[in-house]
Structures are given as C-alpha cells and as structure tokens.
Enquirer: 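Can you keep this structure in mind? I'll have questions shortly.
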Protein chains: 4
Amino acid sequence: MKPMERTGNMHSVEFRVRDYECDLQGVVNNANYQHYLEHARHEFLVSKGISFAALHDEGLDLIVTKVEIEYKYPLRSRDSFVVTVNMAREGNVRIVFYQEIYRIPDNKLIVKAKITTAATRNGKPVFPAELIKQLGLE
Amino acid sequence: MKPMERTGNMHSVEFRVRDYECDLQGVVNNANYQHYLEHARHEFLVSKGISFAALHDEGLDLIVTKVEIEYKYPLRSRDSFVVTVNMAREGNVRIVFYQEIYRIPDNKLIVKAKITTAATRNGKPVFPAELIKQLGLE
Amino acid sequence: MKPMERTGNMHSVEFRVRDYECDLQGVVNNANYQHYLEHARHEFLVSKGISFAALHDEGLDLIVTKVEIEYKYPLRSRDSFVVTVNMAREGNVRIVFYQEIYRIPDNKLIVKAKITTAATRNGKPVFPAELIKQLGLE
Amino acid sequence: MKPMERTGNMHSVEFRVRDYECDLQGVVNNANYQHYLEHARHEFLVSKGISFAALHDEGLDLIVTKVEIEYKYPLRSRDSFVVTVNMAREGNVRIVFYQEIYRIPDNKLIVKAKITTAATRNGKPVFPAELIKQLGLE
C-alpha cells in the first residue's frame with residue numbers, strides 16, 4: 001500500500017528529515033515528531049480554508065488537550081516520510097486527529113498518533129459550529 | 001501542596017520558560033513540553049548513577065515507545081515550573097515514567113504525562129536486569 | 001579567572017546542556033548557542049526592569065539586525081556553562097551586545113559573539129531615548 | 001530577478017515557514033534561520049556527493065568556526081522562501097559559504113550570511129585536499 005492510496009478523505013504532507021532534527025543517538029528526537037504532526041495538521045486546515053490567525057482574531061482557538069503517540073520505528077538523517085491527517089468529531093467540543101507517519105519509499109510505519117483538540121472562545125470551551133461545518137464533520 | 005512536599009520517591013527538576021520556547025499564540029509550543037519531560041527523566045537517571053552514553057556503549061538502549069500527554073493549562077514566557085518524575089515497572093521489558101508539570105509558585109497543574117520505555121540490546125527487546133536493580137524496581 | 005570575577009557591569013546566566021540540544025556529532029547544535037545568547041540577553045533586560053512585552057505594547061521593538069558568532073570549542077551533553085552579557089551604544093539607533101560563553105568549572109572559552117540590535121517603532125528605526133536611559137547607556 | 005536565475009554555480013533549496021518556527025512576535029525566531037542555512041548547506045554537499053557521515057567515519061570533519069548573519073526582513077508563518085549556497089576557499093583550511101535567503105515569490109532579501117568552516121582531522125586543522133577537489137575549489 002503506497003501513501004498515495006491512503007488518501008481517501010485524508011490529507012498527507014511530505015517531509016525530509018533535516019540533520020538538526022536528529023539527536024545524539026543518530027535518530028530524530030522524539031519531540032520533533034510532534035512538530036511534524038502539528039505542521040501536517042495546520043497544512044490540512046489551511047487546505048480546508050481554515051486560518052488559525054483569522055479564527056484567533058475572532059476569539060476562537062482550537063487547542064490541543066491530549067496527545068497519544070506510539071513510536072514504532074525511528075527516522076534517520078535525510079529519510080523522506082509522509083504524515084497523514086484524518087479527523088473525527090468526539091462529543092460536542094472535541095475534534096480528534098488520527099495521524100500516521102510512514103517512511104518513503106518503503107512505507108514503513110514510523111509513528112501512530114491520536115491528537116485531541118478542543119475549541120475554546122476566550123478561554124472557555126464552546127461548540128465550534130462553523131468550524132465543524134467547514135471541516136465536513138456535521 | 002508545594003512541589004517540595006511531593007518528592008517522596010520522586011525526582012523533580014525546576015525550569016523557567018525561555019522566550020524562544022513560546023510560539024505565535026504566546027504560550028509554550030506543545031512539543032517543548034516533551035523536551036522538558038525528557039530532560040527531567042535524564043536528570044533523574046543521572047541522579048541514580050545511570051548514564052545513557054555508558055549504557056549505549058554496552059549496547060543497551062532505553063527507548064521511548066509511547067507518550068501520552070494531557071495538556072491542562074499553558075505555560076507562558078518566563079513562568080517558573082517544576083517537572084516531576086516517578087517510575088514503575090510494567091511487564092518484563094517496559095519501564096513507565098509518570099510525570100507532571102506544575103507551575104511555580106501557585107502549584108497549578110500544567111501537564112500530566114505517561115511515558116513508556118522499553119529496553120533494547122542491539123535493537124532487540126531485552127529484560128534489563130541490571131538497570132531494574134539500579135533503579136530500585138525489583 | 002572565574003565567571004564570578006568577570007561581572008563588573010556584566011550580567012551572566014548559568015545553564016546546563018540538555019541532551020535534546022545536541023546533534024548527530026554529539027555536540028550542541030550551532031543554532032542552539034543563539035538560543036542561549038538570546039535567553040541571557042532577555043534575562044539581562046528583565047534584570048534592568050525592561051519587559052519586551054510592555055515595550056512591544058507601546059509599539060517599541062528591539063530587533064536583532066546582525067549576529068557575529070565565533071565558535072571556539074564545542075559544548076557536550078550535560079556541560080555546565082555561563083553566558084555573559086555586556087552592552088554598548090553604537091550611533092543613535094543601535095545597541096550592541098557583546099557576549100561570551102564559558103564552560104564551567106574550567107572557564108574554557110566556547111563562544112564569542114557580537115549581537116547588533118536596532119530600536120524600531122511601528123517598524124521604523126527610532127532613537128530609543130528612554131530605553132537608553134534605563135540601560136544606563138546615556 | 002527570480003530565484004531560478006540566480007543559480008549559476010549556486011545551489012538553492014526551497015522551504016516554507018512552519019508555525020512552530022515562529023515566536024511570540026509572530027516572526028521566525030532568529031536561531032531558526034541558522035537551521036535553514038545549515039540544512040541548505042548539507043543538501044548542497046549531498047548534491048556534490050559529499051556525506052558528512054562518511055567523512056566523519058574517515059576522521060574528517062567540516063566544522064563551523066564563525067557565522068555572520070544580517071537580518072534584513074522577517075519571515076512570517078507560511079511564507080515560502082529559497083536559501084542559496086555559494087562557496088569559496090579561504091587560505092588552506094577554511095571553506096567559506098555565502099548564503100542568502102529570499103522570500104518567494106517577491107524575491108525580497110531576508111537574510112545575508114557568511115559561514116566560515118574549517119576542516120579538522122581528529123580535532124586538528126588539516127588541508128582537506130580531496131574535499132577541495134570534490135567541491136571544485138582547486
């Protein structure tokens with residue numbers, strides 16, 4: 001199964017490991033995978049016409065409340081990889097992102113993650129009706 | 001309850017947020033909490049006389065296989081905080097770290113995390129008998 | 001000469017290298033020294049009662065226009081070090097920071113840097129009269 | 001003048017700003033430009049068939065001894081940009097990289113840098129004859 005065949009409703013972004021992202025052990029530092037996952041989510045939201053800055057100016061924020069990341073296999077210097085983004089609604093305020101990282105070209109599973117986010121308006125949890133609509137999660 | 005009173009078997013490390021760790025939203029970027037948690041774990045292991053470099057030279061690695069992090073409240077520029085480390089054995093190859101981040105001085109809970117690690121020798125899962133002993137987890 | 005004896009007008013901040021700041025070569029990644037230098041400058045300004053946030057709210061920014069950094073010797077995992085900050089006025093809009101990094105406890109010179117900053121109000125260069133006064137650079 | 005027309009002997013790499021690279025002021029943090037410059041240099045060397053890992057295994061390292069970076073204009077979230085790499089020999093042990101960062105598509109100059117590197121074998125300065133040849137700097 002190639003990355004391109006996984007993309008039904010899914011969004012995916014390609015990256016290459018940069019040397020400064022690796023640590024003493026010669027592999028990508030664990031925290032950097034969270035950067036990759038975040039960047040892929042933001043690219044996905046932009047592709048849906050959603051701008052964090054514009055939302056924030058209207059007082060609406062989508063904040064991460066929980067991350068669960070399973071590290072299956074490490075990436076090394078100059079590895080290419082794809083980060084996928086899939087999404088579901090959970091209750092009234094939570095939007096959950098299911099994400100995976102696959103090495104290219106052998107499609108090896110590197111990371112599997114579930115990222116839970118909540119909508120807040122001026123710091124208080126809200127039902128983000130319009131956002132839900134824009135994301136096709138109604 | 002003050003940080004100092006939480007320290008039974010527990011190790012804790014104090015930090016202050018640096019400006020470059022904050023992002024566009026004016027709060028610490030989510031991935032940086034993972035850096036704080038990692039640094040506190042490494043300080044803890046060093047306090048037990050355990051050196052990653054020495055272990056690695058003997059072929060033994062303690063690798064992170066899963067992180068679960070709940071974000072309760074954000075840290076901001078120049079906030080002081082303490083990261084706690086507590087630990088338990090899980091099965092034969094896994095050592096689990098329970099960690100919390102509290103803001104200083106009001107002791108507000110910022111992050112709650114469970115970090116699962118596995119011992120590997122030359123890439124294969126092993127029972128880290130000596131490490132278990134050094135950590136007092138027998 | 002110990003770090004404490006260097007502090008005439010000077011400000012200094014102590015750090016310890018964190019593992020995630022090191023790269024594949026086992027030494028601190030070059031860009032991270034810029035983080036250390038920045039953090040020490042901000043701590044210095046705070047010690048003079050100067051808050052970037054408050055300045056920014058009044059429309060005044062102190063922006064870095066040039067960095068010159070000489071790398072003399074690398075820092076490694078868990079090294080302790082001190083970052084010094086000294087300062088001078090250059091012309092009407094520039095404030096220059098002279099900074100050094102010394103390893104502790106052997107006082108080995110690690111980095112020597114000159115950081116040039118300019119004051120801007122709403123993006124235009126200005127003479128920061130009040131800031132110059134607060135910093136004792138009149 | 002478009003980026004593509006600047007590439008005579010020059011190598012260039014395209015990037016897009018990721019949100020986590022921006023700081024409190026809403027612009028890319030100064031240290032991150034050093035990451036961009038480094039990544040472009042490494043890509044350039046790889047394009048010349050030069051592997052840091054292989055060199056390092058033979059005991060030869062190309063280490064950065066000085067950086068001079070002029071910050072002309074800030075990059076913001078999601079800006080696209082190109083990093084150029086040009087190179088010259090300086091004396092017997094130094095190889096100097098001249099690098100620029102231009103925003104895409106308006107070609108605005110963002111950063112101008114000179115990065116000085118020295119070849120060392122087992123920590124001692126050496127004349128890197130073979131490297132000089134591979135890089136076409138004879």
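Chain naming here is simple, since letters A, B, ... match the order of the sequence lines and numbering starts at 1 in each.
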Enquirer: Can you tell me if CZ on A/Arg94 sees more than 12 non-hydrogen neighbours from other groups inside 6.0 Å?
Expert: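 Result for CZ/A/Arg94: open.
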Enquirer: Look at D/Arg18 together with A/Glu38 and state whether they make a salt bridge at an N to O cut-off of under 4.0 Å.
Expert: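 Salt bridge absent between D/Arg18 and A/Glu38.
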Enquirer: With a sphere of 6.0 Å drawn around CD of D/Gln134, does it hold more than 12 non-hydrogen atoms of other residues, nucleotides or ligands?
Expert: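 Yes, enclosed.
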Enquirer: How many angstroms lie between atom CG of A/Asp19 and atom CZ of D/Arg41, to the nearest 0.5 angstrom?
Expert: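 Between atom CG of A/Asp19 and atom CZ of D/Arg41 there are 10.5 Å.
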Enquirer: Counting only heavy atoms not in A/Glu90, do more than 12 sit closer than 6.0 Å to its CD atom?
Expert: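 More than 12 within 6.0 Å, yes.
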Enquirer: What is the ring orientation for D/His39 with A/Tyr20, classed by angle as parallel under 30°, tilted 30 to 60°, or perpendicular over 60°?
Expert: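 Geometry flag for A/Tyr20 against D/His39: perpendicular rings.
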Enquirer: What distance do D/Arg16 atom CZ and A/Glu43 atom CD have between them, rounded to the nearest 0.5 Å?
Expert: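 CD of A/Glu43 is found 5.0 Å from CZ of D/Arg16.
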Enquirer: Heavy-atom distance under 4.5 Å to chain A: side chain of D/Val17, backbone, both or neither?
Expert: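 For D/Val17, the contact with chain A is made by the backbone alone.
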